[in-house]
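Have a look at the structure below before the remarks.
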Number of protein chains: 2
Amino acid sequence: MTTINDIAKMANVSRTTVSRVFNNGYVSEDVRKRIMKIVEETGYTPSLSAKSLRTKKSGVIGVILPKISTETASRVVSGINEVVAKENFQILLTDTELQKEKEIEYIRLLKSRHVDGIILLATNINADLIKAITAADLPFISIGQDLPGVTSILYDDYHAASDVTNLLITHQHTKIAFIGVGEEDPSVGRQRKMGYLDTLAKFNLPIKEEWIEEGDFSIESGYECTKKIIKNSGTDLPSAIFAVTDRMAIGAMEYLREQGFSIPKDMAVAGIGASTMSKYLTPSLTTVDYFNKEAGEKAARHLLAQMIQKKDKEKFTQTYRLIKRDSV
Amino acid sequence: MTTINDIAKMANVSRTTVSRVFNNGYVSEDVRKRIMKIVEETGYTPSLSAKSLRTKKSGVIGVILPKISTETASRVVSGINEVVAKENFQILLTDTELQKEKEIEYIRLLKSRHVDGIILLATNINADLIKAITAADLPFISIGQDLPGVTSILYDDYHAASDVTNLLITHQHTKIAFIGVGEEDPSVGRQRKMGYLDTLAKFNLPIKEEWIEEGDFSIESGYECTKKIIKNSGTDLPSAIFAVTDRMAIGAMEYLREQGFSIPKDMAVAGIGASTMSKYLTPSLTTVDYFNKEAGEKAARHLLAQMIQKKDKEKFTQTYRLIKRDSV
DNA sequence: AACATGTGTGGAATCGATTACATGTCCTTT
DNA sequence: AAAGGACATGTAATCGATTCCACACATGTT
């Protein structure tokens, strides 16, 4: 491996001069050319570990995901990457596989790797997490969860869920079932459920325990929850099912189809997430587009801004778009 | 930021000893405890830039993707991550956005970041690329393309495509249209097309130019290609369409549905990729599962093995599974 | 008793860059 | 003609770790 010293020796200059070639200081045209020629020939690239050690900047930003292989996550990462790549940053990816201790572990790890900033897609909020973030003392952005004291890019879960519920109501549905997720997830678990419950309450519609189930984001869980809802409802069946994610909604549709329900005639279905799939299902799925990629871009831009100068912690709420399709 | 020197001073030992605590050398129980206590209190974590500079190892492996937000890519990354995370490696992600010069650029970049190895999902093969890989002189794995002189995890594109074509033929189809991609992609572009063409030839079935179109992986291109095929075929319509990716197959189905074709009665459709979606479409899509995640895992394992000891360059061909569903 | 061996610790070089400071030219300006 | 500034280059300290070598001490071996 060639180093700056090798180049310096070959070009008969000090390594300072070589360094200056790469960091635009005063270097005469002659010398610059001579050095560049040697650089080309040897294929020398400066060691970024050394540079990072010296400058305390790595040109890397850390991203912590709950799970890589979901459409939401990959869209967000794609948005982040698009923005940071332009500024010659790379992404160091970590995946918690939904274990929340790992979020904290990875924050520490990324810190010791001298990343210049961190973007976290959190799935929960707890005191240790906040403490770890504060301790890291790095530019930090949270996407999807409102972490106190941390700049956050938020989805409007409450209103999105309200709107979906509302849409179902305007389509004459009065018996609306709900498939949610655990409430340790404040955004997807709590906010979306609140939106659902409050809207029902507002219209004086029945809230029945038998119509409310809790899944785990997976298609299968949507399927199982729907089965339970149908089973437990006896003769008082709901006429619509609102699942808080598209995947669970797809599971619901699957079960309903198997049981011979016609969608939306016998049972309407709606989700959230605007998965690619939602558009091509039969019937196409009513859902909410959260603009994940844009959220990633925005997060990246704010992170870069924070790296240049300290900013006050802010909260940004993304817009969303209700997509009415044939499943309702 | 606390450093090893701070810890050493606070514990009244030399920094050598502190280092030894983390790298299991001789340290007495007493001293070890004293140091660990201070480490806990200060939240000290060793600077990995410094460590990497000194040891020439970074604990990072570089991954070069053509596009992050595709199901294939995210599955592969997920597989890679699962394996390397266990060994405490992280992934440095780069996305070429389908520009092939960037593959080379990123190889250099990853090299200068001292990654311990690189996994590339290539979309093409060219001499410069091979040269860059050789020059990098790092443990290297290619997934999906057979790069000469590079350990490669390959999909069996030729036989997969043959099998799909065969399946269509056993279902009495004699007029089979084809939606491919550009041939600068040897695997998806060439091999799959060869599988299709050779199988038709084997059965003495007609190969008509009007039935062959070239898309660009997108759903929209599948839609457009199908439109062209239908338009250009006049009265001699094919009875089946084989698209080399699920997304293009979905576009095909979309167009056919719009035009009132019944699938598979009027026109059968098949894809490759086993996208999540394929299972939930109506009708469900016949496709080929490439086990992308397993490919990622395998790539990661081979990379780790190469990092421990130099290995001969090998070629591994993944198995695949033809999934016969209702669209055929 | 002399010597080898195992254990525990510190000193100092080293990895490959950046950068503050010093030095030396050569012009321009007053 | 002296001074000041712009330009060009070099010297050496520094970033935070690892690691070779040396040394000290305790214990075991012959």
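Every chain is numbered from 1 and lettered A, B, ... according to where its sequence line falls, protein lines coming before strand lines. These numbers come from the heavy atoms of this one structure, side chains and all, not from hydrogens, waters or symmetry mates.
- With A/Gln318 contributing its side chain and A/Ile153 its backbone, the two residues share no donor-acceptor pair below 3.5 Å.
- Between A/Thr17 and the phosphate of D/dG10, there is a side-chain N or O to OP1/OP2 separation shorter than 4.0 Å.
- Look at CG on A/Asp6: it is 10 Å from P on C/dC15, rounded to the nearest Å.
- The side chain of B/Thr16 places no N or O atom within less than 4.0 Å of a non-bridging phosphate oxygen (OP1 or OP2) of D/dT19.
- Listed pair B/Tyr26 / C/dG8 fails the phosphate criterion, with no side-chain N or O lying under 4.0 Å from OP1 or OP2.
- Using a 4.0 Å heavy-atom distance criterion, A/Val18 is classed as making no nucleic acid contact.
- Here the C1' atom of nucleotide D/dG16 and the NZ atom of A/Lys51 are 18 Å apart, to the nearest Å.
- Of the candidate nucleotides D/dG10, D/dC15, D/dA17, D/dC15 has the atom lying nearest to any side-chain atom of A/Leu53.
- Contact annotation for B/Tyr44: backbone-only contact, meaning every heavy-atom pair under 4.0 Å involves sugar-phosphate atoms and none involves a base.
- Enclosure of atom CZ in A/Arg301 by more than 12 non-hydrogen atoms of other residues, nucleotides or ligands within 6.0 angstrom is indicated.
- Atom CZ in B/Phe22 sits roughly 9 Å away from atom P in D/dT18 (whole-Å rounding).
- Counting non-hydrogen atoms of neighbouring residues, nucleotides and ligands closer than 6.0 angstrom, the NZ atom of A/Lys131 reaches no more than 12 such neighbours.
- Here C/dA17 is the nucleotide among D/dG10, C/dA12, C/dA17 with the atom lying nearest to any side-chain atom of A/Pro46.
- In this structure, NZ of A/Lys33 is placed 13 Å from P of D/dA8, rounded to the nearest angstrom.
- Side-chain atoms of B/Ser28 and B/Asp30 form no donor-acceptor pair, as typed in the model, at a separation below 3.5 Å.
- Projected onto DNA chain C by closest heavy-atom contact, A/Arg20 and A/Asn5 fall at different nucleotides, the more 5' of which corresponds to A/Asn5.
- For the OP1/OP2 pair of D/dT11 and a distance below 4.0 Å, the side-chain nitrogens and oxygens of A/Ser14 include no atom meeting the criterion.
- Side-chain N/O atoms of B/Lys56 include one lying less than 4.0 angstrom from OP1 or OP2 on C/dG16.
- The side chain of B/Asn23 places an N or O atom within less than 4.0 Å of a non-bridging phosphate oxygen (OP1 or OP2) of D/dT18.
- Whole-Å rounding puts the B/Glu29 CD to C/dT7 C1' distance at 13 Å.
- Between B/Thr72 and B/Tyr290, the closest side-chain pair of non-hydrogen atoms is not below 4.5 Å.
- OP1 or OP2 of D/dT9 lies within a sub-4.0 Å distance of a side-chain N or O belonging to A/Ser28.
- Atom-to-atom, NZ of A/Lys9 to P of C/dG16 comes out at 11 Å; the value is rounded to the nearest Å.
- Atom CE of A/Met1 is separated from atom P of C/dG16 by 9 Å (rounded to the nearest Å).
- Side-chain nitrogen and oxygen atoms of A/Ser19 include at least one within less than 4.0 Å of the OP1 or OP2 phosphate oxygen of C/dT18.
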Please determine whether side-chain contact (heavy atoms from CB on, under 4.5 Å) holds for the pair B/Asn126 and B/Lys100, giving the CA-CA distance in whole Å, both sets of side-chain angles, and the decisive distance to 0.1 Å.
CA-CA 9 Å; B/Asn126 63 74; B/Lys100 59 173 177 262; 3.9 Å; yes
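- If you take CZ of B/Arg15 and P of C/dG11, they are 9 Å apart, rounded to a whole angstrom.
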